Amino acid sequence: MQFQVINIEETDSTNHWLREHGKGDMVVVAGYQTAGRGCGTNSWESERGKNLTFSVLLHPTHVLAKDQFIISMANALALADTLDHYTDGISIKWPNDIYWNDSKLCGTLIETRLQGNHIRDCIIGTGINVNQQRFLSDAPNPVSLYQLTGHDTDLKEVLETFLYELGRLFDHWSPELMRERYRQRLYRRQGLFSYRDKEGVFLAELITVSDDGTLLLLDESGKRHSYRFKEVTFIQHNEKSK
């Protein structure tokens with residue numbers, strides 16, 4: 001898979017830029033986003049010129065609409081495989097954040113457009129904390145490669161490694177293998193941890209993530225719970241159980 005890479009100094013959002021200007025399999029990289037955001041209403045803090053903020057336009061028309069979560073899995077795996085080159089302790093926090101131990105290193109927002117029963121195209125917007133030394137927002141647990149390694153990392157090199165890993169997954173498309181690898185790399189894959197849903201805080205272990213992206217948990221009483229995105233919160237160790 002070959003990508004056309006466009007570098008721009010500033011934009012409100014690389015996802016928005018691709019919606020307006022994207023053609024073919026394309027990547028746009030911005031030195032700064034004035035309105036970068038994560039999933040839902042979350043914003044994304046990124047110091048100008050210090051991190052990788054980019055979006056990828058793909059046309060996975062072979063993927064059925066009902067199977068679209070496999071795109072999120074593939075992207076998360078490509079990011080995790082990329083960051084393995086720079087540090088240990090990388091995992092995928094459901095649905096698609098990349099964590100170093102209990103800290104967030106990377107976030108992704110995916111926008112998918114459908115055509116009939118298939119995917120027409122998707123725009124995958126990603127922020128990777130690379131060279132930022134301090135975080136000033138109230139985000140609970142950000143971390144950067146600089147904070148982990150003590151030195152700057154070449155942004156172009158990180159991007160090229162990611163595009164290689166993503167292209168490799170698409171060129172050798174194997175949904176079964178990707179689903180298995182994704183589940184093996186999940187954050188909190190083993191053990192009891194605190195979660196919060198609309199009923200309150202509870203302890204549970206992660207069973208799996210189903211093919212459609214549903215998170216399955218087993219609480220300490222033996223009851224199974226299933227959640228779609230935003231229906232449950234992972235409570236971090238430094239948070240108070242409210």
Side-chain angles (χ1 to χ4, degrees), residues 3-59 71-72 74-83 86-87 90 92-100 103-113 121-149 151-167 229-230:
F3 295 96
Q4 178 187 5
V5 179
I6 305 295
N7 289 278
I8 57 178
E9 183 174 340
E10 182 178 305
T11 186
D12 57 349
S13 158
T14 52
N15 273 27
H16 181 258
W17 192 97
L18 275 183
R19 283 198 304 272
E20 296 292 321
H21 307 289
K23 296 179 181 179
D25 293 329
M26 179 182 285
V27 181
V28 60
V29 186
Y32 184 68
Q33 292 185 114
T34 59
R37 64 188 181 93
C39 294
T41 59
N42 297 336
S43 61
W44 182 262
E45 178 189 358
S46 182
E47 186 177 347
R48 185 183 295 270
K50 292 292 186 179
N51 303 312
L52 261 179
T53 51
F54 63 97
S55 293
V56 180
L57 174 62
L58 295 172
H59 298 78
I71 304 298
S72 182
N75 186 75
L77 282 170
L79 286 167
D81 291 344
T82 296
L83 293 165
Y86 301 97
T87 186
I90 297 298
I92 299 169
K93 176 178 171 289
W94 175 83
N96 54 27
D97 286 341
I98 305 300
Y99 265 43
W100 172 83
S103 297
K104 184 173 178 177
L105 187 55
C106 175
T108 295
L109 174 66
I110 301 178
E111 303 175 21
T112 303
R113 292 186 288 190
D121 59 33
C122 57
I123 297 174
I124 306 172
T126 297
I128 305 176
N129 297 328
V130 182
N131 295 323
Q132 189 157 336
Q133 298 184 26
R134 295 174 60 234
F135 293 90
L136 305 178
S137 75
D138 58 359
N141 59 340
V143 71
S144 69
L145 283 180
Y146 181 93
Q147 292 173 329
L148 301 179
T149 64
H151 59 76
D152 282 349
T153 300
D154 185 84
L155 299 180
K156 183 179 179 182
E157 175 190 280
V158 177
L159 178 66
E160 289 176 348
T161 303
F162 167 73
L163 294 178
Y164 168 79
E165 297 290 355
L166 185 67
F229 182 53
K230 289 292 187 181

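Treat the numbers as computed from the prediction; the structure is a model and nothing was measured.
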Check whether any side-chain heavy atom of Leu83 lies under 4.5 Å from a side-chain heavy atom of Phe162, and answer yes or no. no

Pairwise side-chain contact, Gln33 with Asp12, heavy-atom cut-off 4.5 Å (strictly under): no

Sorted by chain and number, sequence neighbours left out, salt bridge (Lys or Arg N to Asp or Glu O under 4.0 Å) with Glu9 holds for none

With a 4.5 Å limit on heavy-atom distance, are the side chains of Thr153 and His151 in contact? yes

May I ask you to test the Val158-Ile128 pair for a side-chain heavy-atom distance under 4.5 Å? yes

For a 4.5 angstrom cut-off between non-hydrogen side-chain atoms, does Val27 reach Gln4? no

Tell me, please, which residues at least two apart from Phe135 pass side-chain contact (heavy atoms from CB on, under 4.5 Å). Glu45, Asn129, Gln132, Pro142, Ser144, Gln147

Keeping Thr53 on the side-chain end and Ala30 on the backbone end, is there a donor-acceptor pair under 3.5 Å? yes

Across all chains, not counting sequence neighbours, the ring pair (Phe, Tyr, Trp, His ring centres under 6.0 Å) partners of Trp17 are His21

By side-chain contact (heavy atoms from CB on, under 4.5 Å), which residues pair with Glu160, not counting sequence neighbours? Lys156

Rounded to the nearest 0.5 Å, what's the gap from NE2 on His16 to OG1 on Thr34? Could you check? 10.5 Å

How would you list all residue pairs meeting salt bridge (charged side-chain N to carboxylate O under 4.0 Å, His left out) that involve residues 121-135, not counting sequence neighbours? Arg113-Asp121

My understanding is that only residues two or more places apart in sequence, or in another chain, count here; which of them pass side-chain contact (heavy atoms from CB on, under 4.5 Å) with Leu155? Leu52, Val130, Asn131

Quick check: do Ile92 and Ile98 have side-chain heavy atoms less than 4.5 Å from each other? yes

Set of residues satisfying side-chain contact (heavy atoms from CB on, under 4.5 Å) with respect to Ser72, sequence neighbours excluded: Phe69, Asn96, Ile110

Non-neighbouring partners of Asp97 that pass salt bridge (Lys or Arg N to Asp or Glu O under 4.0 Å), sequence neighbours left out: Lys104

Residues that Tyr86 engages under ring pair (Phe, Tyr, Trp, His ring centres under 6.0 Å), provided they are two or more places apart: none

Residues passing the side-chain hydrogen bond (donor to acceptor under 3.5 Å, both in side chains) test with Ser55, sequence neighbours excluded, are Thr14, Asn15

Nearest 0.5 angstrom please: Ile90 CD1 to Leu79 CG, how far? 10.0 Å

Reported CG-to-NZ distance for the pair Leu105 and Lys93, which is rounded to 0.5 angstrom: 13.5 Å

